[in-house]
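Reminder, nothing fancy here: chain letters follow the sequence lines and each chain counts from 1.
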Amino acid sequence: MGLAVLPIHAYTSEILETVAKNAVCVLIGETGSGKTTQLSQMFHQAGYTKSGRIGVTQPRRVAAVSVARRVAFEMGVQVGEDVGYSIRFEDRTSSKTAIKYLTDGCLLRECLFDPELHQYSVIILDEAHERSLNTDILLGLLRRLVSKRKPELKVVITSATLDGEKMSDFFFKCPIVRVPGKLYPVQILYSKERPVSYLDGAVQTALDIHVSEPPGDILLFMTGQDEIEKAIAKLEEEVQSLDEGSCMDVVILPLYGSLPPEMQARVFGQPPDNCRRIIVATNIAETSLTVDGVVYVIDPGLVKQRQYNPASGMDSLAVVPISRVQAIQRAGRAGRTRPGRCYRLYPEAAYEHELLAATVPEIQRSSLAGTVLHLKSLELPDIDILDFDFLDQPSLELLEDALSQLYIVDAIDKSGSITALGKRMAELPLEPALARALIAAEELDCLGQALTVAAVLSCESIFYNAPRQGKEKKRAREHGSLPNGRGLGDHIQYLQIYDAWEKNNFDLEWCKENGLQIRAMKFARDVRRQLGQIMLRKKRDGEPEKRESSSLRKVGSARALRQALCKGFGNRLAHRLPHHNGYRCIGHKSQLVQIHPSACPLEVDEEGLLPEWVLYHELISTTHPFIRHVCMVEGSWVEPLLKKMDNMDIRGLSGRKTPIVPEKRLEDDKAMVMARTGSQQVLSSTLVDAARERFLARKQSKANK
DNA sequence: CGTTTTCGA
């Protein structure tokens with residue numbers, strides 16, 4: 001077979017010489033340079049695999065797998081032999097494996113068992129410019145390791161033009177090798193000013209291109225599912241009104257992460273002849289997925305980005321301007337197959353002066369509890385977490401928050417040293433709070449259930465939210481027949497749903513019928529299996545096999561399960577929200593925090609009222625900064641509650657865009673209760689107090705009898 | 001009457 005000559009081949013000797021002379025080097029290789037597939041082979045041929053393996057990290061699983069396949073093919077070997085890959089749930093390597101592709105998360109996990117990574121003679125950190133949380137931690141660890149394992153370990157960091165110097169400085173001013181890429185020119189067109197509505201502006205631009213420009217697909221970036229659907233609806237409407245025959249046919253396709261795989265596949269299928277495609281996508285199309293045939297890119301310049309607020313311990317999603325690196329990346333999507341065009345819906349001055357040069361790295365906008373625990377468990381000598389060398393230092397608040405989170409779940413002691421418990425927790429691929437809950441569950445004999453809950457909480461929503469169907473009033477949501485936890489809360493509901501699925505032999509059709517995300521359910525099953533194995537491995541000492549596996553099926557009372565979850569999440573919020581003293585909380589995902597019923601002043605009584613309280617933080621911090629606490633409660637009991645409470649101050653809440661309680665600033669110390677039924681209502685804090693009093697009075701009168 | 005980007009162990 002004839003293998004194409006790639007730009008990187010011309011640099012072979014320069015690269016090999018640099019690597020021979022230096023422990024680390026930075027390689028700047030633009031898209032199409034061939035670095036991802038060729039570097040490893042180059043080192044293999046140069047004999048570096050005689051003393052160990054070549055490890056190449058990728059930020060994404062699919063990339064690790066597909067690149068390994070490609071390289072195996074080029075070398076004429078089977079995947080899993082000389083060339084292999086290792087990703088979560090799947091290790092395709094053997095003792096023969098000389099070149100190993102793996103996700104950066106996987107390499108990080110290997111550090112736990114072998115901090116000096118002795119199996120490797122070369123480590124290539126690919127796509128380091130993407131600055132994923134895991135890559136950043138690896139960068140910090142490798143910086144230490146390089147000096148330690150000199151001269152037998154070689155490290156190559158591949159990065160983009162922009163931060164090559166920075167990477168080199170970080171690695172003791174190591175040399176930089178530049179390799180050109182292979183991309184067609186993309187003409188950039190700026191708007192004179194920002195459109196009033198970027199959605200309308202984007203739709204209009206797409207139509208203009210469609211009616212006046214030569215063939216070629218259009219890629220339009222939007223921030224989320226909802227926006228994508230709106231844009232598509234508008235586009236379709238406008239396209240309808242075009243004169244028939246005035247231009248070519250057009251298909252409009254959505255593309256976003258939670259879109260079911262078969263729908264995503266439509267974007268990669270063969271387009272009909274003589275028909276233009278308009279693909280409306282989230283930033284998934286920026287790096288993760290590449291759509292062939294795109295010639296025009298429309299870039300409104302925004303992304304939805306997760307942000308973590310250490311003061312409240314919550315993350316939120318915010319629409320923010322993209323960085324220049326992202327803008328360049330988006331434009332590049334137009335030049336993969338031939339020269340293209342990128343329409344930026346903002347002025348050039350905005351690009352130059354308003355956009356950040358690079359995206360704020362994830363390490364500066366995530367909770368670092370897991371990261372810090374990981375680093376602590378490596379027991380690196382002479383290390384002070386607050387002083388660890390990161391390429392970009394996270395804020396002190398972020399680090400202190402991580403330490404306090406870890407202290408609360410007993411993972412570290414007062415002096416900041418990792419505890420035995422903390423060590424066990426570090427081995428579980430979970431956020432520390434959930435890891436703590438699992439260990440508590442083991443002691444409370446409800447591990448089986450806790451595993452399920454932890455697994456379901458580790459995946460994206462298991463519910464499939466179908467796009468709105470036309471103008472039908474009722475939203476097509478099919479999971480009405482699923483167990484609802486009987487008011488026992490989301491966790492119990494997850495447990496019941498998973499158990500029901502298991503009873504149906506993990507049938508995928510069953511998932512479909514009940515409106516569940518097949519992908520998420522499968523993922524939960526894999527996670528559950530993996531977590532179970534890790535929990536067992538730790539317990540193994542001295543215990544017979546059979547007993548072990550039965551502990552995975554152990555089922556305790558709902559109360560035991562709650563207690564276990566509380567052990568992980570308990571106090572976390574109470575700790576931060578002194579207004580809520582007396583309320584204990586357990587967390588649900590990262591945005592919702594439930595107050596445990598047993599600690600709620602309006603406890604469940606014989607009438608079955610008040611099964612749970614939920615604090616909905618995102619609402620508090622992002623939309624309505626004047627509201628300090630919002631309690632969101634399940635619909636099932638709201639009505640009886642409303643009936644019971646008279647003289648209530650109920651205010652309607654109609655969506656995020658309109659303010660609740662307009663123009664009225666609330667006192668800081670007033671907790672708000674938001675009741676969630678079909679419609680949402682806000683109750684004032686005095687009602688909570690009144691209800692609490694009544695509850696206590698009733699309890700008192702019962703006690704007197 | 002409202003719903004969430006994207007990766008990863």
Side-chain angles (χ1 to χ4, degrees), chain A residues 57-64 86-91 102-113 127 130-138 221-229 255-259 281-289 302-307 315-320 322 326 359 362 365-366 370-371 373-374 425-432 434-435 458-461 463-468 473-475 477 517 520 523 526-527 530-531 534 589-592 616 618-619 622-623 632 635 652-658 660 674-681:
Chain A
T57 69
Q58 293 292 317
R60 279 170 292 279
R61 298 161 55 99
V62 271
S86 179
I87 57 176
R88 189 179 188 180
F89 310 133
E90 202 183 350
D91 182 3
L102 69 176
T103 50
D104 42 22
C106 237
L107 186 63
L108 208 49
R109 212 117 277 269
E110 289 182 1
C111 291
L112 280 180
F113 305 100
E127 318 288 1
E130 286 189 25
R131 304 296 304 278
S132 76
L133 180 56
N134 287 338
T135 312
D136 269 24
I137 305 165
L138 281 173
F221 284 99
M222 283 285 142
T223 65
Q225 174 175 352
D226 197 52
E227 239 175 52
I228 289 176
E229 280 158 18
L255 182 64
Y256 49 87
S258 59
L259 197 69
T282 60
N283 48 340
I284 196 173
E286 228 170 76
T287 47
S288 309
L289 297 178
L302 298 166
V303 228
K304 207 170 275 186
Q305 204 174 61
R306 203 173 61 183
Q307 290 168 341
D315 353 54
S316 55
L317 284 165
V319 174
V320 297
I322 58 172
Q326 273 174 297
T359 312
E362 228 181 324
R365 46 184 178 86
S366 320
T371 305
L373 183 63
H374 191 274
M425 288 166 56
E427 290 188 22
L428 290 161
L430 288 173
E431 60 163 312
L434 265 179
S458 336
C459 57
E460 53 193 305
S461 171
F463 299 113
Y464 174 55
N465 287 321
R468 269 170 285 223
K473 217 178 174 189
K474 232 191 195 170
R475 195 96 174 248
R477 257 223 273 204
Q517 291 261 22
F523 183 78
D526 286 337
V527 172
Q530 186 186 36
L531 294 176
I534 297 172
K589 286 281 187 164
S590 45
Q591 293 176 346
L592 293 185
Y616 197 166
E618 198 192 24
L619 202 69
T622 58
T623 323
M632 194 162 87
L653 163 64
S654 54
R656 288 150 159 259
K657 277 137 210 157
T658 40
I660 332 175
M674 185 173 92
R676 180 184 180 194
T677 51
S679 68
Q680 293 169 329
Q681 290 156 334

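Residue-level contact check: Thr223(A) touches the backbone only, with heavy atoms under 4.0 Å from sugar-phosphate atoms and none from bases. Nucleic acid contact class of Leu108(A) (heavy atoms, under 4.0 Å, all strands): none. Backbone-only contact: Thr282(A) has heavy atoms under 4.0 Å from sugar-phosphate atoms and none from a base.
Side-chain contact between Thr359(A) and Gln326(A): present, with at least one pair of heavy atoms (C-beta onward) separated by less than 4.5 Å. The shortest distance between side-chain heavy atoms of Tyr256(A) and Glu229(A) falls below 4.5 Å. Residues Gln225(A) and Leu259(A) form no side-chain contact, since every pair of their non-hydrogen atoms from C-beta on lies 4.5 Å or further apart.
Between the CD atom of Glu90(A) and the C1' atom of dA9(B) there is a distance of 15 Å, given to the nearest Å. Per the geometry, CD belonging to Gln58(A) stands 16 Å off C1' belonging to dT6(B), to the nearest Å. One atom, CD of Glu127(A), and another, P of dC7(B), lie 14 Å apart when rounded to the nearest Å. Counting to the nearest Å, the P atom of dC7(B) and the CZ atom of Arg61(A) are 11 Å from each other. We find that CZ of Phe523(A) is positioned 9 Å from P of dG8(B), with the value rounded to whole Å. What separates CD of Glu229(A) from P of dG2(B) is a distance of 15 Å, to the nearest Å. Between Glu431(A) atom CD and dC7(B) atom C1' there is a gap of 16 Å when expressed in whole angstrom units. Between the P atom of dC7(B) and the CD atom of Glu286(A) lies a distance of 11 Å, rounded to the nearest Å.
Each of Leu430(A) and Gly257(A) has a nearest nucleotide on DNA chain B; the 5'-most of these lies closest to Gly257(A). Take the nearest nucleotide of DNA chain B for Ile87(A) and for Leu255(A): the residue whose nucleotide is more 5' is Leu255(A).
The nucleotide whose nearest atom lies closest to any side-chain atom of Arg60(A) is, among dG8(B), dT5(B), dA9(B), dG8(B). Of the candidates dG8(B), dT6(B), dT4(B), the closest approach to any side-chain atom of Thr103(A) belongs to dG8(B). When the nucleotides dC7(B), dA9(B), dT5(B) are ranked by their closest atom to the side chain of Pro429(A), dA9(B) comes out on top. Which of dA9(B), dT6(B), dC7(B) sits closest to the side chain of Asn283(A) comes down to dT6(B). Listed candidates were dT5(B), dA9(B), dT6(B). Nearest to the side chain of Ser288(A) is dT6(B).
In terms of the side-chain hydrogen bond (donor to acceptor under 3.5 Å, both in side chains) criterion, residue partners of Arg60(A) (sequence neighbours excluded) are, by chain and number, Glu130(A). Phe113(A) pairs by the ring pair (Phe, Tyr, Trp, His ring centres under 6.0 Å) definition with nothing, not counting sequence neighbours.
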